[in-house]
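These notes concern the structure reproduced below.
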2 protein chains.
Amino acid sequence: MASDAPRKRAPRGQGAALRGEVLTAAMDLLRETSSEESVSLRAVAARVGVSVPSIYLHFADKQALLDAVCEEVFEQLHRALKEASADAPDAFEALRQQGMAYVRFALANPEHYRIVMMGSPSGHDPADEIASGAFGHVLDSVTACIGLGVLEGDPVDLALQLWAGVHGIASLRIAKPMFPWPPLEDFFDGTFCAVGIGLAAQTRIPVGLGADEVTARLNSLRA
Amino acid sequence: MASDAPRKRAPRGQGAALRGEVLTAAMDLLRETSSEESVSLRAVAARVGVSVPSIYLHFADKQALLDAVCEEVFEQLHRALKEASADAPDAFEALRQQGMAYVRFALANPEHYRIVMMGSPSGHDPADEIASGAFGHVLDSVTACIGLGVLEGDPVDLALQLWAGVHGIASLRIAKPMFPWPPLEDFFDGTFCAVGIGLAAQTRIPVGLGADEVTARLNSLRA
DNA sequence: CTCTGAAGTGAACGATGTTAAGTTAGCGGT
DNA sequence: ACCGCTAACTTAACATCGTTCACTTCAGAG
């Protein structure tokens, strides 16, 4: 599959065409191998049929290329989250559907998700912008839920908690796939409802309560 | 800081002494730089005052060295989780203290946590064993909670949900530290109580309920 | 003192990201 | 038709990395 096509030079004004070819080659490579480190500049260059330094004509370094790849792919998440909240009958359902779309996307694009959301925080600003975008969706839906009266409290805090929840599901399943995970949708819905209910309850179990009291309080919630 | 001490050769039976020196050098380097990639074999060897291939006398490859480092550090997590559940007055409190100890450990050792819990799942068995150990603690405490009557259901499922929850908090704060995170302990306790309450409630919000019905159900839970 | 085997080295290989300097060729101008 | 400019690309090299192989050194039993 290592194409030996030498690729014709682009015409005069079309130098930017190479950028697209490099980008799609890198995207394909990352999708095929699902491994960041096997997306080497040499592998990308070979697939495009071009020499390695040509990549530097359009991307500052390897990180910039990977960022561009992830940005492209996360565009799908952006769309999925928008659709999910658009199609939902109410704000709570919107939140649920967004959460589901989020974990589905993460598990469908595990290596992309890993690069953007589970990588070292050192510099690497574009990843943070992508993350901010995703967080923004959650924040909007949480705000809508507060407006609807189904949630109460600081929207940013609530959104961070929900985001941490869905991210926990997604990232742990990506990193530890051999654990006995239940089917994704059911597992997500269970956690989502639990967190939703728990956040709506707007109360905490104080420390130092006796075991009996804790049990009694929690039992009183049972359906 | 690149030690130029040539290090004396170990006496006859003490070849294994080098293993320890390499291990602590790697641990120090990882802690100091908080960056996996700057722990190169050459840097480790230089710090010990030994040549690079000597490392291979005691570690199969770089991954094995990093695994050993993480295993060593995660021993602290093991102890912290054991203490947390030992000191707690009841099973629910044990679970809470374990969760708190877990996120505290993760944020105190971010790069170690990243390597073990947020890395690519490819091979790398030792990381999975470490993860299994941590999961085992959660599972034990969940089982105790079920025995105490404060939780109900499949212990493995419940433990996975709780684990995903604490991992979500820890890993997202590690990967995206510039988000407006509230103070750790308070944030954790909020999420923990929410999840605890939600799981104890043992019910789900069905899809297709109207917004009013959802609001009414959740409102009925408020303190 | 010798000689053996444990303890450690030197030099090299192939792969990687990155840079500097050079080459090729599309295309408007004459 | 042919210049010549410059956009588009290449060749060659560098530094660094993990890893391997053949080689050396030296502590200490005999």
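In the text below, chain A, chain B and the rest are named by the order of the sequence lines, each starting its count at 1.
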Q.
Over the length of the helix from dC1(C)-dG30(D) to dT30(C)-dA1(D), how much do the five-pair end axes diverge, rounded to 10 degrees?
A. 30°
Q. Does the gap between the ring centers of F192(B) and F92(B) come in under 6.0 Å?
A. yes
Q. For the pair made of CG in L41(B) and P in dG18(D), what is the distance, rounded to whole Å?
A. 4 Å
Q) Does the pair R204(A)/D186(B) count as a salt bridge with the N-to-O cut at 4.0 Å? A) yes
Q | Nearest listed nucleotide, side chain of R42(B), among dT16(C), dG18(D), dG8(C) | A | dG18(D)
Q: Return the orientation label for the F135(B) and F179(A) ring planes: parallel under 30°, perpendicular over 60°, tilted otherwise.
A: perpendicular
Q: Carefully, step by step, assess D67(B) and Q63(B) under the rule side chain to side chain donor-acceptor pair (under 3.5 Å).
A: CA-CA 6 Å; D67(B) 286 346; Q63(B) 191 58 60; 3.1 Å; yes
**Q.** Carboxylate-amine/guanidinium proximity below 4.0 Å for R104(A) and E185(A)
**A.** yes
Q.
For a quick test of reading the model: is some side-chain N or O of R7(B) closer than 4.0 Å to OP1 or OP2 of dG8(C)?
A. yes
Q) For S171(A) and H167(B), does a side-chain donor sit closer than 3.5 Å to a side-chain acceptor? A) yes
Q. Contact class for S40(B) vs. all strands (heavy atom < 4.0 Å): base, sugar-phosphate, or nothing?
A. sugar-phosphate
(Q) Let's see if you get this right: which residues in residues 54-65 of chain A place a heavy atom under 4.0 Å from DNA chain D? (A) S54(A), L57(A)
Q.
Regarding E36(A) and K62(A), does a basic nitrogen lie under 4.0 Å from an acidic carboxylate oxygen?
A. no
Q. Between atom CZ of F105(A) and atom CZ of F74(A), what is the distance when rounded to the nearest 0.5 Å?
A. 4.5 Å
Q | DNA chain D: 5'-proximal contact among P53(A) and R9(B) (nearest heavy atom) | A | P53(A)
Q) Rounded to whole angstroms, how far apart are CZ on R12(A) and C1' on dT24(C)? A) 11 Å
Q | Side-chain ion pair, R31(A) and E111(A), N-O less than 4.0 Å | A | no
Q: May I ask you to say what E37(A) touches in the nucleic acid, namely base, sugar-phosphate or nothing, with a heavy-atom cut-off under 4.0 Å?
A: nothing
Q. Which sits closer to the 5' end of DNA chain D, V39(B) or Q14(A), going by the nucleotide each is nearest to?
A. Q14(A)
